[in-house]
Amino acid sequence: MLVNASPQSSPSSSSSNPTMKFTLAFGALLATSAAAFSPVANRAAVSLVSSSSALNSFSSTIFEVRDVNFADTKEQIVKGGRDLFPLLPKAFEGIKEIGVIGWGSQAPAQAQNLRDSLKEAGCDIKVRIGLREGSSSFAEAREVGFTEDADTLGEMFDVIKKSDLVMLLISDAAQAALYKEVFAAMKPGATLGLSHGFLLGYLESIGEKFPEDMDVIAVCPKGMGPSVRRLYEQGKEVNGAGINASFAVHQDKSGKATELALGWGVALGSPFMFETTLSSEYRSDIYGERGILLGAVHGIVESLYRRYQRQGMTPEQAFIESCESITGNIVKIISTRGIKAVYDGLTGDDKEVFKQAYSASYMPAKEILQEIYDEVSSGNEIRTVIMHGKRINKYPVGKIDGTDTWIVGEKVRSERDEENIPLNPFTAGVYVATMMAQIDVLLEAGHPYSEVVNESVIEAVDSLCPYMHYRGVAFMVDNCSFTAKTGSRKWAPRFDYILDQLAYTAVDNGKPVNEDLISAFENHKVHAAVEECCKLRPTVDISVGSASSTKEIVIQ
Ligand SMILES: NC(=O)C1=CN([C@@H]2O[C@H](COP(=O)(O)OP(=O)(O)OC[C@H]3O[C@@H](n4cnc5c(N)ncnc54)[C@H](OP(=O)(O)O)[C@@H]3O)[C@@H](O)[C@H]2O)C=CC1
Ligand SMILES: CC(=O)[C@](C)(O)C(=O)O
Ligand SMILES: [Mg+2]
Ligand SMILES: [Mg+2]
């Protein structure tokens, strides 16, 4: 995917919003089977693998299901595109009213995309927003044309009662608090639609299940809400623009659940859809956002920013060599040419510096990543999110970009020379090592390459880092879900500390490069998976900063 991010003045930012140009790949993602199951995987992983073995077997009589060869495995995907909109009436057969519940990051994007796509397809389906009584989001929904007068906006339980498809897009913590009332309000035969596996994780942790008499599906965009809407808007000009989505069919009473899930993904503008399970989705998603997508990249930047100043750089240069180097250079290379291209492009001393940084950072980063994975798989992290949800009114999430790092960053952005952002080899070594460690933890736990590459590579370089590049860390983190923004705040400092304490000290004490780690990196199978994704990606321009009906969140 080609991302062309241009500036937009915002009342909430004093930066001068320099023009920036992004060339990013991976609009597409190809799924693969669970190829890398490790004998050391835990019990959760074993059940994950057995559930993923049911994957690769979906069929559709409406959409073309394509086999894709991916390294030594084959998987199925459905390619999206506006040319498929004429198929939507069939996919949404039996659905007259869709209730989109919530107005956070995903709901504004998904509701508007669905409304636009269904209208264009000539479907007589009402998309209605449901919000809690007294919600401040009523005004925002009205602004983009969902109104009480048109009967497209109402109190959430009233909307749920009327809906044939209930898209439950309130926060995961709120889903856990309200699921009983939601299920009870749904009419017989209605489908429950999720964009996350969190609710399954919660229900399993308390020994409960979804009511058996309903279809339960999920369509999970692998990118933040604002990017789901922006790319869709751009896609009106360029067919194939959008954010990939995984889909899961958890219960299929009607026999139509797969078609509806695929139709939902197509209507969102997803370039590709690949199959997952709710269980595999929540483990990989909650983990990924605490890792390289949000938490780890934040921790990496903070630790490097301090390190480079200790070594004598000015604050501005330290920001350029850390954050700018990642968001303005390294992710662009990864996005268009893959992870290994960063390494292959380095020569001489720079390559040695990369190797030192990679070698010293991989295990410390992996230690934290494995801890996160275990916390998520065990249900601990789900409990943390729910407890956080209960505290939130008393202790709202705070601002993360008021510190020196991000104040300097704002100045750097305003003076940015986009074409001359350096690629610091030490920064690259740390960032790539953390990305590879994240990939390995997921592969060892038995996740398929589709999820692994999406949650560790594509979403980072195509959906999230562009926002950090444009407006800083808070703009990226706080436009994500409540689950993600609280988890990122919790884990970012762990990456910061462990890199400072174990990785950078190892380099400073002259610890030799671990050649086995470097050779494992050089020969890693994931590179072929990423290259395959590069080949199949659509090309599209997106303007991150241009006027859009996308809701954007800034915590003051
Ligand atoms: N953010 C993203 O890009 C992605 C999110 N997801 C998933 O999508 C789902 C929605 O997440 P996201 O869009 O980020 O939203 P958030 O997690 O930011 O949640 C915000 C929404 O939840 C509502 N809400 C919170 N508490 C309550 C409550 N007690 N009763 C009713 N409504 C409540 C809010 O209502 P109000 O408007 O009144 O404040 C708001 O509309 C989640 O399952 C998430 O994991 C999946 C992929 C990406
Ligand atoms: C954007 C996304 O997919 C995240 C980071 O998982 C989220 O917001 O929860
Ligand atoms: Mg996600
Ligand atoms: Mg998430």
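In listed order, ligands and their atoms are each counted from 1. What you are looking at is a predicted structure, and each value in this text was computed from that prediction instead of being measured. Hydrogens, waters and symmetry mates play no part in the numbers below; they use all other heavy atoms, side chains included.
Each of Lys366, Glu381, Glu444, His447 was compared with Tyr373 under the side-chain hydrogen bond (donor to acceptor under 3.5 Å, both in side chains) criterion, and only His447 meets it.
A cation-pi arrangement is present between Arg115 and Phe146, with the terminal nitrogen or guanidinium carbon under 6.0 Å from the aromatic centre and inside a 45° cone about the axis.
Of all the heavy atoms in Ser270 and Asn244, the pair that sits closest is OG-C, 4.1 Å.
Pairs engaging residues 192-202 under the salt bridge (charged side-chain N to carboxylate O under 4.0 Å, His left out) rule: none recorded [sequence neighbours left out].
Residues satisfying the ring pair (Phe, Tyr, Trp, His ring centres under 6.0 Å) test with Tyr497, not counting sequence neighbours, are none.
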When you look at Arg489 and Asp478, which way does the salt bridge (charged side-chain N to carboxylate O under 4.0 Å, His left out) test go after all the steps?
CA-CA 10 Å; Arg489 281 165 168 81; Asp478 292 333; 2.9 Å; yes

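Atom-to-atom distance recorded for Leu194:CG and Cys220:SG is 7.5 Å, nearest 0.5 angstrom.
Classified by interplanar angle (parallel below 30°, tilted 30° to 60°, perpendicular above 60°), the ring pair Phe210/His250 is perpendicular.
Residue-and-atom listing of protein N/O/S atoms under 2.8 Å from the Mg ion (ligand 4), sorted by chain and number: Asp285 OD2, Glu289 OE1.
Protein residues are said to neighbour a ligand when one of their heavy atoms lies under 4.0 Å from it; for ligand 2 these are Gly223, Met224, Asp285, Glu289, Glu459, Cys480, Ser481, Ala484.
Note on Arg283 versus Asp374: no salt bridge recorded, every NZ/NE/NH1/NH2 to OD/OE distance being 4.0 Å or above.
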